[in-house]
Amino acid sequence: MYRSIGCGEIGSTHAGKEVMMSGWVFRSRDHGGLIFCDLRDRTGAAQLVFSPDYGEKTIHKMAHQLRAEYVITVKGDVRIRPEGTENPGIPTGSVEVYVKELEILNKCEPLPFQLDQDVDIAEANRLKYRYLDLRRPEMLKNIVTRHKTCKAVRDYLDREGFLEIETPVLTKSTPEGARDYLVPSRMTPGCFYALPQSPQLFKQLLMVGGMERYYQIVRCFRDEDLRADRQPEFTQIDMEMSFVGVDDIINLVEGLVKKVFKEIRSEELPTPFERLPYSDAMERFGNDKPDMRFQLELKDMAGLASKSSFKVFLDALAAGGRVKGLLGKGMAGYSRRETDLLTAEAQSLGAKGLAWIKVKDAFESPILKFFPEDVVRQMAGRLMAAPGDMMLFVADKERVVNDVLSRMRLDIAKKQNLIPTGDKFAWITDFPLFEWNEEDSRFQAIHHPFTSPTEDGIKKIMDGGDLDLSKLKSKAYDLVLNGSEIGGGSIRIHDSELQKKILKLIGMAEEEAEERFGFLLDALKYGAPPHGGLAIGLDRLVMLMTGSQSIRDVIAFPKTQRAACPLSGAPSHVDKKQLRELYIRLNVPDEKPAAE
RNA sequence: GGGGCUGUAGUUCAACUGGUUAGAGCACCGGAUUGUCAAUCCGGAAGUUAGGGAUUCGAGUUCCCUCGGCCCCGCCA
């Protein structure tokens, strides 16, 4: 027996009782006579007292040897701490355990970094010794939050009639989307499995298979470059339902998120969440994942700009571009140097320049002479600019205007402290079905090619005839939280003919469609029910809930920016025999050593 | 592929404009210490300044290359 109670669980109600506890030595304070030692396990920490007058002499002697992270078991008596020695800083601070038996279960070498201090350790080091990093209360908290989130999700979806079903990890590479991770087949020389970017096709097949409600907390893989919120393997809460429309899915997911936030954060989210058509999001915020916690909306300035003689604005409009404005709340005091910096930033984001007008007692701007005063006043009115503010304008192609201003909107909000605490969810709906891909000179699906167009779009597509692909809308929706996309989904196509047509529209020849997705097209012929679903990025969700700066902080064993694992050393060379069995010969261009 | 930041004892940091033997806190080792809670006090050991090259009388500091880490753009349906 190692323990009768967790270190973090003792309190005044246990006073006088004998307890057994096991854990790690967090800190010890050796006074020669009395030795205090904080013992930590997953439940928390408690103060042990070793006294020369208590228990056997050998115990006290042994206690001198204790060092950080030794693993020990103790038996002792809980006592209320003497008055004045309580520690209000920890939950168990009203009591302490007088130790009468001590066993050192395992020693610990001097640590590569200290766990008991509040200093930032280089992340490379943390990852190399992740098993030590995980002992830090901060990391424990994140991992627990992640677990609780999964638990809440499972409870909720179970009650809603969902079945948790596993889908293959060794599956088929499909084009479109991210780069696949490939796994060579030994049985079929020259062929490869792909790790799933998501279980998309399988969950649709489960619907055809009559499962009606499916979910899975599932690992997905994308071989793309990493970011603070992106890992090559990440986890989705993946769901799919039959006989549903957009509203059904949105309602269900709102219920799910509400429950998670209530259980994990004790936060009562108001539902329904605000819904914003994609076109509105772009118009008002400049991107499709707006942070709705604060205002600062982008405003169209075309009408007013055309009343000016400012060539930059007029030229942009003449070329079919846009002029939009943004409120620089409280930024009238910006120096020339600071406005130059803003301009440089706008330029780095693709704009040719940035126009600004400061609002003080009078307006102040190098471009003021091009604008009649009443026009400037109206512009200020549109942006609700008050004295002390600055107005910012970008004129360019719509895409550039939105890119630049949406980015500045976030920067300004951060810099000017305009972001209130609290969480703001929103749905972005009515996405376009396709977007033009410059590189490949073809249209591609914005969501994925299995996304259903809207009803009138379906009619147009099935009728044949002339189609403006850029105008078609889809039944896709994204879930956005505080400016991060944390989920997305759609109603799917459940008609084989429509699916074939869509694949054709994105430039996929019939034979290729057959080769890539033949199994799906077949399945849709055999009584596929209408269905749709959604996937939530679990890592990102937990990251936001824990306030973590990086997705790595909510993953037990994450990868570095170069997709490597400093702990295990993956990826690594494999021996020649393994490669031979897979019929693989390396062709690495530089002089680096190939496989051993 | 591109832009930016970064690498100094185990660890967190310091070291002026290029100038003596690269310092400090914590950790570690030895000693003292009976109410501490980042205990305290005394002493000690600890460095390929990421690696390589160049400039210089002299390089942690300047320059070049390589390696690693982080942030961003591209990419991520």
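Per chain, numbering begins at 1; letters A, B, ... match sequence-line order.
Put simply, the side chain of D225(A) and the base of G74(B) share a donor and an acceptor less than 3.5 Å apart. One can find a donor-acceptor pair under 3.5 Å joining the base of G74(B) and the side-chain atoms of R227(A). Residue R562(A) places no side-chain atom within donor-acceptor reach of the base of C67(B), judged by atom type and a 3.5 Å distance cut-off alone. Donor-acceptor pairing under 3.5 Å, judged by distance alone, is absent between the side chain of R222(A) and the base of C76(B).
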Sequence-aligned protein contact record of nucleotides 36-44 of chain B, with B where the base is within under 4.0 Å of a protein heavy atom and S where only the sugar-phosphate is: BBBB-----
Sequence-aligned protein contact record of nucleotides 2-7 of chain B, with B where the base is within under 4.0 Å of a protein heavy atom and S where only the sugar-phosphate is: ------
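When all heavy atoms of R492(A) and M239(A) are compared, the closest pair comes out as NH2-O, 4.4 Å.
Pairing of C75(B), defined by two Watson-Crick or G-U wobble distances under 3.5 Å, is not identified with any nucleotide. The partner of U33(B), taking Watson-Crick or G-U wobble pairs whose two distances both stay under 3.5 Å, does not exist in any strand shown. Pairing for A46(B) is absent, judged as Watson-Crick or G-U wobble with the two contacts each under 3.5 Å. Pair assignment for U55(B): none, as no Watson-Crick or G-U wobble contacts are both less than 3.5 Å. When both pairing distances are held under 3.5 Å, C26(B) makes a Watson-Crick or G-U pair with G10(B). Pair assignment for U20(B) gives none, since no Watson-Crick or G-U wobble pairing has each distance under 3.5 Å. Base-pair partner of C5(B): G69(B) (Watson-Crick or G-U wobble, both distances under 3.5 Å).
Looking at the side chain of T560(A), the nearest of the listed nucleotides U12(B), G69(B), C73(B) is G69(B). Side chain of Q114(A), nearest nucleotide from C73(B), C28(B), C26(B): C26(B). Of the listed nucleotides (C28(B), U34(B), U12(B)), U34(B) has the atom at the smallest distance from the side chain of P52(A). Checking C29(B), C72(B), G69(B) against every side-chain atom of A228(A), the shortest atom distance belongs to C72(B).
If you find the closest nucleotide of RNA chain B to L127(A) and to H447(A), the one lying nearer the 5' end belongs to L127(A). If A564(A) and L34(A) are placed on RNA chain B by their nearest nucleotide, the residue sitting closer to the 5' end is L34(A).
R552(A) comes within 4.0 angstrom of the backbone, heavy atoms only, and of no base. At a threshold of 4.0 angstrom between heavy atoms, the contacts of I35(A) with the nucleic acid are absent. Note on P566(A): nothing from the nucleic acid sits closer than 4.0 angstrom, heavy atoms only. Residue-level contact check: L349(A) touches neither bases nor backbone, having no heavy atom under 4.0 Å from any strand. Using a 4.0 Å heavy-atom distance criterion, S474(A) is classed as making no nucleic acid contact. In this structure, R67(A) reaches the sugar-phosphate backbone alone: every heavy-atom distance under 4.0 Å involves primed, P, OP1 or OP2 atoms, never a base. Across all strands shown, P82(A) has heavy atoms under 4.0 Å from base atoms, whether or not it also approaches the sugar-phosphate.
A perpendicular orientation is assigned to the rings of F113(A) and Y129(A), their planes being inclined by more than 60° (bins at 30° and 60°). The aromatic rings of Y181(A) and F221(A) stand perpendicular to each other, their planes meeting at an angle above 60°, with 30° marking the opposite boundary.
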Between E485(A) and K289(A), does the salt bridge (charged side-chain N to carboxylate O under 4.0 Å, His left out) criterion hold? Intermediate values first, please. CA-CA 6 Å; E485(A) 182 201 328; K289(A) 45 174 184 173; over 6 Å; no
Run the salt bridge (charged side-chain N to carboxylate O under 4.0 Å, His left out) test on R552(A) and E123(A) for me, step by step, so that the C-alpha distance in whole Å, both residues' side-chain angles and the decisive distance to 0.1 Å come before the verdict. CA-CA 10 Å; R552(A) 296 181 296 278; E123(A) 194 166 357; 2.5 Å; yes
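Within the structure, side chain to side chain donor-acceptor pair (under 3.5 Å) pairs that include any residue of residues 87-99 of chain A comprise Q47(A)-E96(A) (at least two apart or interchain).
Annotation: side chain of L472(A) is not in contact with side chain of P453(A) (no heavy-atom distance under 4.5 Å).
For Q444(A) and N437(A), the side-chain atoms include at least one donor-acceptor pair closer than 3.5 Å.
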